[in-house]
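First the proteins, then the strands, lettered A, B, ... as listed; each starts at 1. Computed from a predicted model, the values in this text were never measured in an experiment.
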Number of protein chains: 2
Amino acid sequence: MYAEGMAQSRNIPLTKRPISDERATSLSTAFSALSDPIRLRLFDLVRRAGETGVCSCDLVEPLDRSQPTISHHLKVLREAGLVDSRREGTWLWYFAVPDCLSDIQTFLP
Amino acid sequence: MYAEGMAQSRNIPLTKRPISDERATSLSTAFSALSDPIRLRLFDLVRRAGETGVCSCDLVEPLDRSQPTISHHLKVLREAGLVDSRREGTWLWYFAVPDCLSDIQTFLP
DNA sequence: TTGATACTTTGACAAACGTCAATATATCCA
DNA sequence: TGGATATATTGACGTTTGTCAAAGTATCAA
């Protein structure tokens, strides 16, 4: 049976300097943005389009999702700071934010 | 109004070699495992414990979650291939799988 | 101003998720 | 064999998420 406060610590140096709660939340937002297969492919497509970016209308067909769904995913990516957009007439060109993954980079070993 | 198949392609070289669906799914599993703040801190704690690992009982208190919740998160991390465990008596020592993030590494710029 | 195209927002719904209490399983020790 | 500790599983719950149809907003051109 498991009872309150009965856990016996193994007295192992748990952590020297554990990640802060704030940083964990910030990082998890970035990870979360890439945690859906469609959204990951979406980001991949946008990133591959380089500085020029890619017209959002060209992203619907290859991902086999409705246009509103793609729009929703792009919003998630933008709010996570991974992509941004530039308007050109009625079109929106999406591009990857430079160094958007540097924070994740520093977390990896 | 948005109508079926009306999207006009901008004829931009969309992708040279877009990520495959399988790879996207595999990668998103890893990202998903780190998409929760508590689970991210959990992995951070385990990883910091090095080869020896850390006793699961020492992870409940610092993360301020119930024992079943920590157990659940550890299972998610294990199924994502990020951590593994070694039994020692009644204890389970969790440790980070070496190079578990190499796949994510190769995805980053 | 009217119509066409590009995109976003809203509303709805099922599925997945994070959480905990309660219970079950595993391992050791007396 | 029992009791104690460590961990996992089950079941339930409210919340979040991915999705689409429908409707709304934006921009341009005739």
Taking A/Glu22's backbone N and O only, do any of them form a donor-acceptor pair with A/Ser26's side chain (distance below 3.5 Å, no angle check)?
no
Does a nitrogen or oxygen in the side chain of B/Tyr94 sit under 4.0 Å from OP1 or OP2 of D/dA8?
yes
Whole angstrom is fine here: how far is it from [atom1] in [X] over to [atom2] in [N]?
{"X": "B/Lys75", "N": "D/dT7", "atom1": "NZ", "atom2": "C1'", "result": "12 Å"}
{"X": "B/Glu79", "N": "C/dC17", "atom1": "CD", "atom2": "P", "result": "11 Å"}
{"X": "A/Leu59", "N": "C/dA6", "atom1": "CG", "atom2": "C1'", "result": "13 Å"}
{"X": "A/Leu42", "N": "D/dT19", "atom1": "CG", "atom2": "C1'", "result": "15 Å"}
{"X": "B/Arg87", "N": "D/dT7", "atom1": "CZ", "atom2": "C1'", "result": "7 Å"}
{"X": "B/Arg86", "N": "C/dT27", "atom1": "CZ", "atom2": "C1'", "result": "17 Å"}
{"X": "B/Phe31", "N": "C/dC17", "atom1": "CZ", "atom2": "C1'", "result": "20 Å"}
{"X": "B/Trp91", "N": "D/dA8", "atom1": "CH2", "atom2": "C1'", "result": "18 Å"}

Check: B/Thr69/B/Arg39 side-chain N/O donor and acceptor closer than 3.5 Å
no
Decide whether B/Ser32 and B/Thr29 meet the rule of one side-chain donor and one side-chain acceptor closer than 3.5 Å.
no
Verify the neighbour count for atom CG of A/Asp103: are there more than 12 heavy atoms of other residues, nucleotides or ligands below 6.0 Å?
yes
Whether over 12 other heavy atoms sit under 6.0 Å from A/Glu61 CD:
no
Looking at [atom1] of [X] and [atom2] of [Y], how far apart are the two atoms once the value is rounded to the nearest 0.5 Å?
{"X": "B/Leu63", "Y": "B/Asp58", "atom1": "CG", "atom2": "CG", "answer": "11.0 Å"}
{"X": "A/Leu59", "Y": "A/Leu92", "atom1": "CG", "atom2": "CG", "answer": "11.0 Å"}
{"X": "A/Ile38", "Y": "B/Thr25", "atom1": "CD1", "atom2": "OG1", "answer": "8.0 Å"}

Categorize B/Ser71 for me: base, sugar-phosphate, or nothing, with a 4.0 angstrom heavy-atom threshold over every strand shown.
base
Geometric class of the B/Phe107/B/Phe31 ring pair [parallel <30°, tilted 30-60°, perpendicular >60°]
perpendicular
Sub-3.5 Å pairs of nitrogen or oxygen atoms, protein against nucleotides 19-21 of chain C:
| unit_1 | atom_1 | unit_2 | atom_2 | d |
| --- | --- | --- | --- | --- |
| C/dT19 | OP1 | B/Arg65 | NE | 2.7 |
| C/dT19 | OP1 | B/Arg65 | NH2 | 3.0 |
| C/dT19 | OP2 | B/His73 | NE2 | 2.5 |
| C/dC20 | OP2 | B/Ser66 | N | 2.9 |
| C/dC20 | OP2 | B/Ser66 | OG | 2.9 |
| C/dC20 | OP2 | B/Thr69 | OG1 | 2.6 |

Of all the choices, C/dT9, D/dA6, C/dG18, which nucleotide is nearest to the side chain of B/Cys57 once you look at every atom?
D/dA6
What protein N or O atoms touch nucleotides 28-30 of chain D N or O atoms at under 3.5 angstrom, if any, and at what distances?
none

Most 5' of B/Leu92 and A/Ser32 on DNA chain D, judged by nearest nucleotide:
B/Leu92
